[in-house]
Visitor: 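First the structure, which I've put down as structure tokens, then a few questions once you've had a look.
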Amino acid sequence: MSNSTLVSPALAALTAVCVLLWARRQTDERKVGSIPAVGSSGLLEYYTGGWRFLFHGPEMLAEGCEKYPGRVFRVPRVFRWNFVVSGAALIQDVVTAPEDVLSSVVANRDASALQLDFTMGPELSANMFHIDIVRTKLTRNLGRCFPDIRDEVSCAFDELIASDGTDWKVVTALPMVTKVVARTLNHIFAGLPICRNEEYLDLAMQYTIDVVLRAQLISLLPFFLRPILGPLISSRNQSVRKGLKHLGPIIEYRIEQEKEHGSDWPGKPNDYLSWLLESVDINDERTAADIVSRILAMNMAGIHTTSSVTFFPIITSLFLLMLLYSYINALREEAEQVVEEHGWTKAALNKMYKIDSFLRESQRMHDNGPLSMTRQILDPLGFKFSDGTIVPYGSIVNVTSRGEHFDKANYENPYVFDGYRFYKMREERNGGLFNRHMISTSLDHLAFGHKLHACPGRFLAAMELKTMLAHLVINYDLRAEIEGVRPPDDVFGIDFVPNGRAKIWFRKRCDA
Ligand code: HEM
């Protein structure tokens, strides 16, 4: 066969592909062309922009926020547009829209960086009772769980810092804090001794990394390949198998006790595992694997190593404390005074106003990335925002909180860290209604989301983080690795992670 006979079909095929790509882009532009796009929305950018986003996402989002404040704009992702919502009025539209119109579950299942069905299993997104339990039983029982939280935080820090009382000891902050958070959460999830089992903790921490990294790989695949390659890429089956090795015997024992002595059997632990078991059919042989999946999912929500929701406030606070030494004495004085008066109790934590303010301010200024609150539009007519913008059916929408957190209308000197910002607001209220606690969500403070899907774990998270900070300032002196420098965050795509190499010097307090 001559070269020319081969070239013509190849040229025809290439032309057909170009026409198809052009037609797809034209159809898309007809639907969303009126919504501003970051970068060009020309033919080439339409297909290459998603790859650019993988490496320059934060810059592209910052450009969108600057050019289109208070509006919806779009950024290219691989194979789709991502619609980004800024400004209080439009964010209010997102956080109050019902689940059957703007869905968080569908977004996290199908389109977002979590790929729930592959990474955690379809049973979880089909019935999310494990989240309801966080909202209800876990939150209601926090007072009773507090001694366990306090005990775990104190044992974990003292073991990991292992300072003998006179010498300074240098510790890498991120792995230490990850371990303390994982131990404390798992104390509440499944109790002692499993929360201190190294192999189990490695699984819990590795699972969160696996979910996020593997989900990102799956979401790069075209839709038709996901059901075929998704299960092969996901490590879900291995993780559940490993989880069953550790949690299986505990679950079996508790089921046996319940069968023998009834649901309120003597010695029944008051923890998340018990509350999960109260909500399932204990005679179903799939129960143990299902419970393990849900406990791993809650580790994912609570630890979330890659975007490190829980570490961000505490590590940022520690880095800031070392930059701004004057805060250490004030926070220490407050913590000691309150603990002296009330003991180590939940009531004492509620009185640590400066620590609460310091953590809330560090969340305002340092979040774990420019996008949050992923939603998918389920209404076939699209979603109409209050400014008239219509985003079509099936699109993915995200909120960017930075505009609100740094808006001069919301905060005086918004770019200046003021650890007492919310403490001063509280003082001004002079005992009147105050709703700027660390756990309060509002349109000007979106670290935990707001309204419908606001983080149900925030009450536990706040309790844990305040205990951690108070324990450290009461018991240790702290010093920065490099004086006067806040270690820069690491950036992976659009996820910001506290610097994984930064070190902190600790010494058991000599003057205590
Ligand atoms: C400082 C720590 C934490 C931060 C900053 C944080 C932040 C968030 C944010 C921004 C959301 C998404 C809200 C939305 O989509 O509208 C969320 C959801 C969620 N968080 Fe947290 N979270 C933290 C700790 C925890 C902990 C410790 C748990 C579990 C014990 C937890 C459980 C959840 C769950 C289950 C959801 C999904 C809620 C839903 O879809 O209705 N989080 N969190």
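These numbers were taken from a predicted model, which means no experiment stands behind them. We count ligands from 1, going down the list as the structure has it; atoms in each ligand are counted the same way.
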Visitor: Within ligand 1, which atoms have a heavy atom of R375 less than 4.0 Å away?
Guide: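 Answer for ligand 1: 14 (C), 15 (O), 16 (O).
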Visitor: Could you walk me through whether S372 and L446 pass the side chain to side chain contact (heavy atoms under 4.5 Å, CB included) check?
Guide: CA-CA 9 Å; S372 69; L446 296 157; 5.7 Å; no
Visitor: Between F434 and H437, does the ring centre distance come in under 6.0 Å?
Guide: yes
Visitor: Any idea which of A301, P456, A107 brings a heavy atom closest to atom 36 (C) of ligand 1?
Guide: P456
Visitor: Is there a donor in the side chain of N398 and an acceptor in the side chain of N82, or the other way round, less than 3.5 Å apart?
Guide: yes
Visitor: Do D356 side-chain atoms and M352 backbone N/O form a donor-acceptor pair below 3.5 Å?
Guide: no
Visitor: Just checking K384: does its NZ atom have more than 12 heavy atoms from other residues, nucleotides or ligands closer to it than 6.0 angstrom?
Guide: no
Visitor: Using a 4.0 Å cutoff against the non-hydrogen atoms of I131, which atoms of ligand 1 qualify?
Guide: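 Checking each atom against I131, I get 35 (C).
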Visitor: Output yes when the distance from some N or O of ligand 1 to some N or O of H450 is under 3.5 Å, and no in every other case.
Guide: no
Visitor: Check ligand 1 against A447 and write out every atom of the ligand that is under 4.0 Å from a heavy-atom position of the residue.
Guide: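 So the answer, numbered in order with elements, is 5 (C), 7 (C), 10 (C).
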Visitor: Can you check whether P147's main-chain N or O pairs, donor with acceptor, with D151's side chain at less than 3.5 Å?
Guide: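 Checked: no pair found.
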Visitor: Any chance CD of Q238 has more than 12 other-residue heavy atoms, nucleotides or ligands included, within less than 6.0 Å?
Guide: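 Buried by this count: over 12 neighbours within 6.0 Å.
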Visitor: I need the atoms of ligand 1 closer than 4.0 Å to a non-hydrogen atom of Q363, numbered in the order shown.
Guide: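 Answer for ligand 1: 5 (C).
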Visitor: In ligand 1, which numbered atoms sit nearer than 4.0 Å to a non-hydrogen atom of G449?
Guide: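 Answer, ordered by atom number: 10 (C).
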Visitor: Is there a heavy atom in E464 that sits closer than 4.0 Å to ligand 1?
Guide: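 Not so, E464 does not reach ligand 1.
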Visitor: Please could you name the atoms of ligand 1 that G302 approaches to less than 4.0 Å, counting only its heavy atoms?
Guide: 26 (C), 27 (C), 28 (C)
Visitor: N/O to N/O below 3.5 Å, does that happen between R135 and ligand 1?
Guide: yes
Visitor: Quick one: does R458 get within less than 4.0 Å of ligand 1, heavy atoms only?
Guide: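 Judged by the 4.0 Å heavy-atom criterion, R458 does not count as contacting ligand 1.
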Visitor: Looking at R236 and T119, would you say the former's side chain and the latter's main chain have a donor-acceptor pair under 3.5 Å?
Guide: no
Visitor: Who gets closest to atom 22 (N) of ligand 1 by heavy atom: A297, C455, S372?
Guide: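 It is C455 whose heavy atom sits nearest to atom 22 (N) of ligand 1.
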Visitor: Tell me if the aromatic rings of F358 and Y423 count as close, with their centers under 6.0 Å from one another.
Guide: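 They do not qualify: ring centres at least 6.0 Å apart.
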Visitor: Just jot down the ligand 1 atoms closer than 4.0 angstrom to any heavy atom of L460, in number order.
Guide: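 Atoms satisfying the 4.0 Å criterion: 30 (C).
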